[in-house]
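To keep things clear, I will list the structure first and then write my remarks on it.
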Amino acid sequence: TADAALYFAKEQGRNNYQFFTYEMSIRAAERLATEQVLRAALDQSQFELCYQPQISMHTGQVSSVEALLRWRHPVRGLLHPAEFLPVAEDIGIMGELGDWVLRQACLQQKIWEKSGLPNTPIAINISPRQLRRFDFIRNINAIMQEMGLGAHSLQFELAENTIMVDGERRGGVLGALGQTGGDIVIDDFGTGYSNLGMLQRVPFYKLKVDISLIHDIGTNTDAEAVVKAMINLGKSLKLIVVAEGVETAEQWQFLLACGCDAAQGYYYCPPLSADEFEHWWRQHLREATS
Ligand code: C2E
Ligand code: MG
Ligand code: MG
Ligand code: MG
């Protein structure tokens with residue numbers, strides 16, 4: 001009956017009841033098509049990782065390298081996560097994609113290590129959906145063992161919102177994540193709902209101040225005060241504090257004066273392909289010693 005086709009869709013907190021319509025069945029078909037396209041992209045190696053360094057404000061050296069996912073689409077060109085991750089999350093391919101990212105980042109780390117570059121932690125991003133998978137921790141352990149990775153060679157970046165929602169259950173998986181030997185990083189700090197109590201219950205290693213706050217340095221004194229307070233909070237909890245999206249010398253100087261530990265952003269280096277980044281890194285090492 002028509003009633004049986006009544007469909008409840010809850011949209012972003014608003015109670016939004018919709019009828020299951022012809023349009024929605026089209027959407028379901030599109031979803032299926034997208035799922036097939038994403039799976040094919042994984043099979044056909046269309047995903048790749050870009051790398052961006054975090055620069056220590058104490059030594060000027062690369063203190064860790066973040067792996068950022070890209071999709072080299074045969075027609076649309078190089079796509080950023082914003083253009084495909086929400087769909088990937090939705091159709092449940094994030095587990096496989098996440099495992100691929102982890103394995104690929106570890107392989108790259110091995111390659112750089114063998115080629116004589118300094119042994120440096122690689123940071124990978126973890127989405128909420130990945131964290132919820134029953135085999136998440138098991139896969140990480142398996143891949144780390146397979147790759148022979150020691151403690152502190154990996155960093156897991158989780159957005160503040162991913163961490164803070166649903167405190168208790170997250171506490172369990174975060175504890176297990178800490179047991180893998182990798183270090184846990186709070187990403188996009190300052191944008192979410194902070195359950196500050198969580199900051200002391202979970203053994204976080206690093207805190208990344210969100211781009212949006214860094215961008216207002218130099219133009220908005222309130223934002224500057226917030227950045228300063230966040231750096232102080234991180235430091236007093238003995239966390240390493242990193243600023244994301246640092247684009248100007250002015251931002252760099254401000255952060256340095258605030259005692260920030262490291263910076264990541266276009267000011268030093270944009271995300272680059274593995275080869276380009278290796279080239280940048282060697283150049284950076286030569287400049288430091290000359
Ligand atoms: P994120 O982890 O907060 O990464 C920082 C984003 O800022 C990256 O965008 C990076 O390219 C960009 N960025 C770096 N420096 C600057 C700068 O100076 N100015 C500006 N305006 N932007 C800068 P990207 O690569 O598009 O990634 C967006 C988000 O997608 C990431 O945010 C992360 O949450 C997610 N993501 C990326 N790769 C992966 C992945 O492998 N797995 C998962 N689950 N999520 C990923
Ligand atoms: Mg990140
Ligand atoms: Mg971020
Ligand atoms: Mg982000």
Side-chain angles (χ1 to χ4, degrees), residues 38 41-42 46-55 64-72 77-108 121-133 136 139-140 143 154-163 177 182-192 204-218 227 230 240-252 255 262-274 276-277 280:
L38 278 171
L42 197 53
Q46 289 174 6
F47 289 103
E48 48 189 71
L49 294 181
C50 275
Y51 298 90
Q52 187 181 33
Q54 286 163 30
I55 309 290
S64 75
V65 178
E66 181 173 10
L68 294 160
L69 185 60
R70 299 288 180 266
W71 178 7
R72 195 168 288 283
L78 197 65
L79 302 182
H80 281 240
E83 294 172 273
F84 61 86
L85 265 196
V87 186
E89 288 261 27
D90 218 35
I91 65 175
I93 200 184
M94 219 33 237
E96 287 157 70
L97 198 50
D99 288 350
W100 179 84
V101 168
L102 178 58
R103 190 172 272 115
Q104 185 63 26
C106 295
L107 281 171
Q108 190 60 61
I122 293 237
I124 60 166
N125 292 282
I126 306 287
S127 72
R129 198 55 74 88
Q130 283 174 273
L131 209 59
R132 252 182 265 133
R133 278 171 62 99
F136 173 65
N139 287 354
I140 288 185
I143 293 170
L154 280 181
Q155 293 172 358
F156 303 109
E157 297 198 356
L158 295 99
E160 187 186 13
N161 279 341
T162 307
I163 296 169
L177 191 56
D183 292 314
I184 308 178
V185 176
I186 310 175
D187 206 344
D188 304 344
F189 192 70
T191 55
F204 295 114
Y205 174 71
K206 187 190 271 189
L207 184 156
K208 294 179 86 173
V209 180
D210 191 64
I211 291 184
S212 57
L213 289 160
I214 304 302
H215 277 190
D216 286 341
I217 293 174
V227 169
M230 282 167 58
I240 295 176
V241 181
V242 182
E244 319 188 86
V246 177
E247 294 183 355
T248 67
E250 187 184 13
Q251 291 163 351
W252 175 275
L255 293 161
Q264 179 178 353
Y266 301 159
Y267 177 59
Y268 254 95
C269 181
L272 297 172
S273 72
E276 288 168 335
F277 177 64
W280 178 91

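Each ligand, and each atom within it, is numbered from 1 in the order the structure gives.
- Residue Lys208 does not touch ligand 1, judged by heavy-atom distances below 4.0 Å.
- Nearest heavy-atom pair across Ser273 and Cys50 is N-SG, 4.3 Å.
- Looking at Asp188 against ligand 1, only its side chain comes within 4.0 Å, counting heavy atoms.
- Vertex the Mg ion (ligand 3); arms to Glu244 atom OE2 and Asp187 atom OD1; angle 100° (nearest 10°).
- In this structure, the separation between CG on Leu69 and CG on Asn125 is 9.0 Å, given to the nearest 0.5 Å.
- When atom types are taken as modelled, the side chain of Arg129 and the backbone of Glu89 share a donor-acceptor pair closer than 3.5 angstrom.
- Below 3.5 Å of separation, one finds an N or O of Gln52 facing an N or O of ligand 1.
- Between atom CG of residue Leu207 and atom CZ of residue Phe189 there is a gap of 5.0 Å, rounded to the nearest 0.5 Å.
- Near Glu66, the atoms of ligand 1 lying under 4.0 angstrom from a non-hydrogen atom of the residue are 2 (O), 4 (O).
- The Mg ion (ligand 2) is the vertex of the angle joining OE1 of Glu157 and OD1 of Asn125, which measures 100° to the nearest 10°.
- Distance check: Leu68 CG to His80 NE2 gives 9.0 Å after rounding to the nearest 0.5 Å.
- The contact set between ligand 1 and Glu247, taken as ligand atoms under 4.0 Å from a residue heavy atom, comprises 17 (C), 18 (O), 19 (N), 20 (C), 21 (N).
- Close contacts of ligand 1 with Ile211, meaning ligand atoms under 4.0 Å from a residue heavy atom, involve 7 (O), 22 (N), 23 (C).
- Among the atoms of Asp188, an N, O or S atom falls under 2.8 Å from the Mg ion (ligand 3).
- Residues Asp187 and Glu66 have side chains in contact (heavy-atom distance under 4.5 Å, counting atoms from C-beta outward).
- Note that CG of Leu49 and CZ of Arg103 are 13.0 Å apart. Values are rounded to the nearest 0.5 Å.
- Among Gln52, Gln264, Lys206, the single residue meeting the side-chain hydrogen bond (donor to acceptor under 3.5 Å, both in side chains) criterion with Ser64 is Lys206.
- To the nearest 0.5 angstrom, Ile184 atom CD1 is 12.5 Å from Tyr205 atom OH.
- In this structure, Trp71 and Phe84 have perpendicular ring planes: the angle between them is above 60°, well past the 30° mark.
- When only interatomic distances are considered, the shortest N/O to N/O separation between Leu69 and ligand 1 falls below 3.5 Å.
- Shown in contact with Met94 at under 4.0 Å from a heavy atom are these atoms of ligand 1, numbered in order with element: 44 (N).
- The contact set between ligand 1 and Val101, taken as ligand atoms under 4.0 Å from a residue heavy atom, comprises 41 (O).
- For Val246, every heavy-atom contact with ligand 1 shorter than 4.0 Å involves the backbone, none the side chain.
- Close approach to Gln130 involves these atoms of ligand 1, each under 4.0 Å from a residue heavy atom: 44 (N).
- Of the options Pro81, Ala159, Gly245, Ala105, the smallest heavy-atom separation from atom 29 (C) of ligand 1 is shown by Pro81.
- Taken to the nearest 0.5 Å, the CD atom of Gln104 stands 11.5 Å off from the CG atom of Leu97.
- Listed by atom number, the atoms of ligand 1 under 4.0 Å from Pro271 heavy atoms are 11 (O).
- Sorting the N, O or S atoms of Glu66 by how far they are from the Mg ion (ligand 2) puts OE2 first.
- For ligand 1, the atoms lying closer than 4.0 Å to a non-hydrogen atom of Asp187 are 1 (P), 2 (O), 3 (O).
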